Amino acid sequence: NADEEREETADSSQQIADSKVDDERKSYAGIKARTANGMNLENAKKMLEQGVDAEKIRKETGWFKGYDGKWRFEIDDSQMQIKENISNYTDLEKLIDHKELFEAYPELENVGVIFCSLDEGKGSYNRQFGYIELDYSLKGDNENLKYTLIHEIQHAIQHIEEFARG
């Protein structure tokens, strides 16, 4: 079912507004990221076995467990920039500058991005075919485009890492 393959996005103004409150927006990466620090992950696992508080583990190692039990670390999205002259059909690498993201997941460079009219929401990630759909209304609104893209990129990472959907 196509609807089941599509992840919902920041479909309300409130969700977009909430994400803007956090100027230090992050994506959550996992063990499949090329930039994953294995030594820090091993230290995090040992600390957890020793009963160390989860927040202390995160602060000291950069790693934390998601609600699905899988380990994650943060990628800073605050420096992500939208490029000029956006085509209606493009690849993620042609749409954004985000060195840290593409170093972690080079395969995301080739994720297709399509601007179209969406019945609901501002965007979606299609898990079956691996592309992002964005509503035309986001063109020319780089701030909302950036925050919607961050949300949809997180769905792509969830798919790569086999994280729980959410």
Side-chain angles (χ1 to χ4, degrees), residues 1-13 15-16 18-20 22 24-38 41 62-166:
N1 184 331
D3 290 336
E4 290 174 4
E5 294 299 330
R6 188 178 286 166
E7 297 285 346
E8 284 305 312
T9 183
D11 59 356
S12 72
S13 300
Q15 285 177 307
I16 293 172
D18 288 347
S19 68
K20 288 179 188 173
D22 184 7
E24 304 248 349
R25 182 80 167 127
K26 310 274 190 230
S27 290
Y28 300 109
I31 61 171
K32 294 180 183 177
R34 289 194 180 178
T35 55
N37 185 320
L41 175 58
W63 287 91
F64 64 97
K65 271 191 166 185
Y67 67 90
D68 59 3
K70 295 189 177 186
W71 287 95
R72 293 163 167 73
F73 67 95
E74 297 173 343
I75 294 176
D76 182 0
D77 291 321
S78 66
Q79 300 303 310
M80 183 178 101
Q81 296 295 316
I82 305 295
K83 293 182 179 181
E84 300 292 320
N85 302 319
I86 300 170
S87 169
N88 287 335
Y89 303 95
T90 190
D91 292 333
L92 200 52
E93 72 174 332
K94 295 176 185 165
L95 181 59
I96 63 170
D97 282 320
H98 197 331
K99 182 180 177 184
E100 190 175 351
L101 175 71
F102 293 142
E103 284 177 356
Y105 297 101
E107 62 269 42
L108 291 179
E109 292 177 349
N110 298 315
V111 166
V113 180
I114 302 168
F115 284 88
C116 55
S117 291
L118 296 177
D119 294 333
E120 293 183 21
K122 297 292 182 187
S124 66
Y125 174 71
N126 185 301
R127 293 175 68 92
Q128 182 179 5
F129 298 108
Y131 66 86
I132 295 171
E133 291 179 311
L134 298 170
D135 193 76
Y136 283 128
S137 67
L138 294 172
K139 287 186 97 171
D141 183 359
N142 283 0
E143 188 174 345
N144 282 326
L145 175 56
K146 178 179 176 179
Y147 288 99
T148 302
L149 264 173
I150 288 169
H151 182 93
E152 299 313 326
I153 290 167
Q154 184 61 59
H155 286 303
I157 293 170
Q158 288 169 338
H159 183 71
I160 292 166
E161 292 287 347
E162 301 175 19
F163 288 160
R165 291 181 179 189

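The structure displayed is predicted, hence computed values, not measured ones.
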- Is the OH atom of Y89 crowded by more than 12 outside heavy atoms at less than 6.0 Å? no
- Decide yes or no on side chain to side chain contact (heavy atoms under 4.5 Å, CB included) for N144 and K122, but give the supporting numbers first. CA-CA 9 Å; N144 282 326; K122 297 292 182 187; over 6 Å; no
- Task: Name all residues meeting the side chain to side chain donor-acceptor pair (under 3.5 Å) criterion together with E100; count only those two or more places apart in sequence or in a different chain, and write none if there are none.
- Result: none
- Message: Counting only heavy atoms from other residues, nucleotides and ligands, does the tally under 6.0 Å from NZ of K83 exceed 12?
- Response: yes
- Message: Is it the case that the side chain of E74 and the backbone of K26 share a donor-acceptor pair, with hydrogens and angles ignored and the cut-off at 3.5 Å?
- Response: no
- Check against side chain to side chain contact (heavy atoms under 4.5 Å, CB included), M80 and L101: CA-CA 9 Å; M80 183 178 101; L101 175 71; 5.8 Å; no
- Item | Note, L149 side chain near L92 side chain (heavy atom, < 4.5 Å) | yes
- Task: Side-chain contact test, heavy atoms from C-beta onward, threshold under 4.5 Å: evaluate it for W63 versus I31 and give yes or no.
- Result: yes
- For I114, does the CD1 atom sit with more than 12 other heavy atoms under 6.0 Å from it, leaving out its own atoms? yes
- Can you check whether Y125's main-chain N or O pairs, donor with acceptor, with R127's side chain at less than 3.5 Å? no
- Matching residue for I132 among N126, L108, V111 - test: side-chain contact (heavy atoms from CB on, under 4.5 Å): V111
- CG on L134 to SG on C116, rounded to 0.5 Å: 7.5 Å
- Is any side-chain heavy atom of L41 less than 4.5 Å from a side-chain heavy atom of F73? no
- For S27, does its backbone N or O pair with a side-chain atom of D77 as donor and acceptor, under 3.5 Å? yes
- Task: Measure across A164 and R72 and return the closest heavy-atom pair with its distance rounded to 0.1 Å.
- Result: N-NH2, 4.4 Å
- So H155 and H151, would you call those rings parallel, tilted or perpendicular, with 30° and 60° as cut-offs? perpendicular
- Looking only at non-hydrogen atoms, find the nearest pair between D135 and L118 and report the distance. OD1-N, 2.9 Å
- How many angstroms lie between CD1 in I86 and CG in N142, if you round to the nearest 0.5 Å? 5.5 Å
- Does some side-chain heavy atom of R34 sit less than 4.5 Å from a side-chain heavy atom of P106? yes
- Would a distance-only check, ignoring hydrogens and angles, find a side-chain to backbone donor-acceptor pair under 3.5 Å from D68 to F163? no
- Item | Straight-line distance of R25 CZ to Y147 OH, nearest 0.5 Å | 8.5 Å
- Query: Got T148 and L145 here, is their nearest side-chain heavy-atom distance under 4.5 Å?
  - Reply: no
- Item | Side chains of I82 and I96 in contact at under 4.5 Å (non-hydrogen atoms) | yes
- Message: Please check this pair: side chain of K146 against backbone of S78, looking for a donor-acceptor N/O pair closer than 3.5 Å.
- Response: yes
- Task: Report yes if the side chains of I153 and Y105 come closer than 4.5 Å at any heavy-atom pair, otherwise no.
- Result: no
- Nearest-0.5 Å distance that lies between atom CD1 in I150 and atom NE2 in H98: 6.5 Å
- State whether the side chain of E161 and the backbone N or O of W71 hold a donor-acceptor pair below 3.5 Å, judged by distance alone. no
- Message: The criterion is side chain to side chain donor-acceptor pair (under 3.5 Å); which residues satisfy it with K139, sequence neighbours excluded?
- Response: N88
- Message: If you compare all heavy atoms of I75 against all heavy atoms of A29, which two are closest, and at what distance to 0.1 Å?
- Response: CD1-CB, 3.7 Å
- Just by modelled atom types, is the G30 backbone N or O under 3.5 Å from a matching donor or acceptor in the K70 side chain? no
